[in-house]
Amino acid sequence: MSIFNFFKRSDIKCPRCLGKGFVDLEDIIRLNRQLKWVPAPCAYCNASGRVEKEILSKVAVDCMYLTIDLPESVIEKIKQGDTETIEKGKERERFIDHLIQYAEQHYLNKKHGCSKYR
């Protein structure tokens with residue numbers, strides 16, 4: 001690779017971790033993923049801090065399902081825009097959203113003494 005091609009690469013700073021290679025609490029809050037993510041290496045850029053421009057059109061930066069704990073084969077399918085894998089991730093997100101709502105309701109009912117199970 002020539003030095004000219006090196007500087008002309010399409011890699012850009014990762015919009016998920018802002019180039020740090022690690023998703024921290026500030027990123028989680030900025031991407032509205034509280035209760036869904038924990039601080040960890042960034043799966044969007046594979047902890048490199050840089051991504052190819054093409055991924056931006058294939059995978060949303062806040063795609064909840066794209067996390068570092070997935071098998072590499074699943075991560076690659078998501079990054080390639082595989083519709084079946086992305087739909088599976090959306091189903092998982094809906095399940096997590098419902099679970100969070102259930103926990104919030106349960107907590108609020110207990111806190112206010114409104115439990116219907118008393």
Side-chain angles (χ1 to χ4, degrees):
M1 172 190 318
S2 75
I3 199 158
F4 178 74
N5 287 338
F6 177 78
F7 289 110
K8 198 175 176 186
R9 291 175 58 189
S10 64
D11 288 0
I12 58 173
K13 184 167 72 169
C14 178
R16 181 181 278 191
C17 67
L18 303 179
K20 300 180 302 280
F22 189 87
V23 175
D24 59 22
L25 187 56
E26 289 178 10
D27 298 320
I28 292 168
I29 292 168
R30 175 177 49 84
L31 296 168
N32 196 26
R33 292 294 175 227
Q34 303 92 313
L35 302 178
K36 297 178 183 181
W37 288 349
V38 296
C42 182
Y44 202 79
C45 67
N46 199 26
S48 70
R50 315 262 329 147
V51 295
E52 292 185 20
K53 197 174 191 176
E54 295 79 39
I55 193 174
L56 299 174
S57 62
K58 294 179 181 176
V59 183
V61 173
D62 63 350
C63 173
M64 191 198 91
Y65 191 47
L66 180 57
T67 57
I68 204 74
D69 60 340
L70 291 173
E72 185 64 34
S73 60
V74 176
I75 290 173
E76 283 308 309
K77 285 181 179 180
I78 294 169
K79 288 183 177 182
Q80 294 302 315
D82 181 72
T83 54
E84 185 178 324
T85 306
I86 290 172
E87 185 54 39
K88 181 179 178 182
K90 289 178 182 178
E91 287 176 22
R92 181 176 180 218
E93 183 168 10
R94 286 189 292 273
F95 173 77
I96 296 295
D97 287 341
H98 287 119
L99 190 60
I100 291 169
Q101 289 171 358
Y102 174 80
E104 287 173 339
Q105 284 297 81
H106 184 70
Y107 172 77
L108 290 174
N109 286 338
K110 283 257 188 201
K111 186 174 180 181
H112 296 294
C114 300
S115 178
K116 65 181 179 181
Y117 300 109
R118 285 185 179 199

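We use all heavy atoms of the structure for the numbers below, so side chains are in, but hydrogens, waters and symmetry mates are not. Throughout, numbering of the chain's residues begins at 1 and tracks the sequence.
- Judged as a salt bridge (Lys or Arg N to Asp or Glu O under 4.0 Å), the pairs with a partner in residues 62-76 (not counting sequence neighbours) are, in order, Arg33-Asp62.
- Both Met64 and Leu70 are assigned to one and the same hydrophobic cluster, defined by single-linkage of ILVMFWY side chains at heavy-atom distances under 4.5 Å.
- Under the 3.5 Å distance criterion, the side-chain polar atoms of Asn46 are left unmatched by any main-chain donor or acceptor of Ala43.
- In terms of heavy atoms, Gly21 sits closest to Cys17 at N-SG, 3.1 Å.
- Counted within 6.0 Å of CD on Glu26, heavy atoms from surrounding residues, nucleotides or ligands total 12 or fewer; the atom is thus considered open.
- At least one donor-acceptor pair closer than 3.5 Å links the side chain of Tyr44 to the backbone N or O of Val59.
- Here the CD-CD1 distance, from Glu52 to Ile12, works out to 10.0 Å after rounding to the nearest 0.5 Å.
- When each of Ile96, Ile86, Val74 is paired with Tyr65, the side-chain contact (heavy atoms from CB on, under 4.5 Å) condition holds for Val74 and for no other.
- Cys42 contributes atom SG, which lies 13.0 Å from atom CZ of Arg50 (distance to the nearest 0.5 angstrom).
- Between Val51 and Pro15, some side-chain heavy-atom pair lies under the 4.5 Å cut-off.
- Although no hydrogens or angles enter the test, the distance criterion places a donor-acceptor pair under 3.5 Å between the side chain of Arg16 and the main chain of Cys63.
- Here Lys88 contributes atom NZ and Thr83 contributes atom OG1; the two are 13.5 Å apart, rounded to the nearest 0.5 Å.
- For residues 36-46, the pairs satisfying salt bridge (Lys or Arg N to Asp or Glu O under 4.0 Å) are Lys36-Glu93, Lys36-Asp97, with sequence neighbours left out.
- A distance of 12.5 Å separates CH2 of Trp37 from CD1 of Ile29, quoted to the nearest 0.5 Å.
- Note on Leu31: it clusters hydrophobically with Ile28, by side-chain heavy-atom contacts below 4.5 Å among ILVMFWY residues.
- For the atom pair OG of Ser48 and NZ of Lys13, the computed distance is 13.0 Å after rounding to the nearest 0.5 Å.
- The hydrophobic clustering, which links ILVMFWY residues whose side-chain heavy atoms are closer than 4.5 Å, places Leu56 and Ile78 together.
- Distance alone, capped at 3.5 Å, is enough to place a donor-acceptor pair between the His98 side chain and the Arg94 backbone.
- The distance from the CD1 atom of Ile55 to the CG atom of Asp11 is 11.0 Å, given to the nearest 0.5 Å.
- By the rule that hydrophobic residues join a cluster once side-chain heavy atoms approach within less than 4.5 Å of another member, Leu66 and Leu35 end up as members of one cluster.
- Phe22 and Ile68 fall into different hydrophobic clusters, where Ile, Leu, Val, Met, Phe, Trp and Tyr are joined by side-chain heavy atoms under 4.5 Å apart, directly or via other members.
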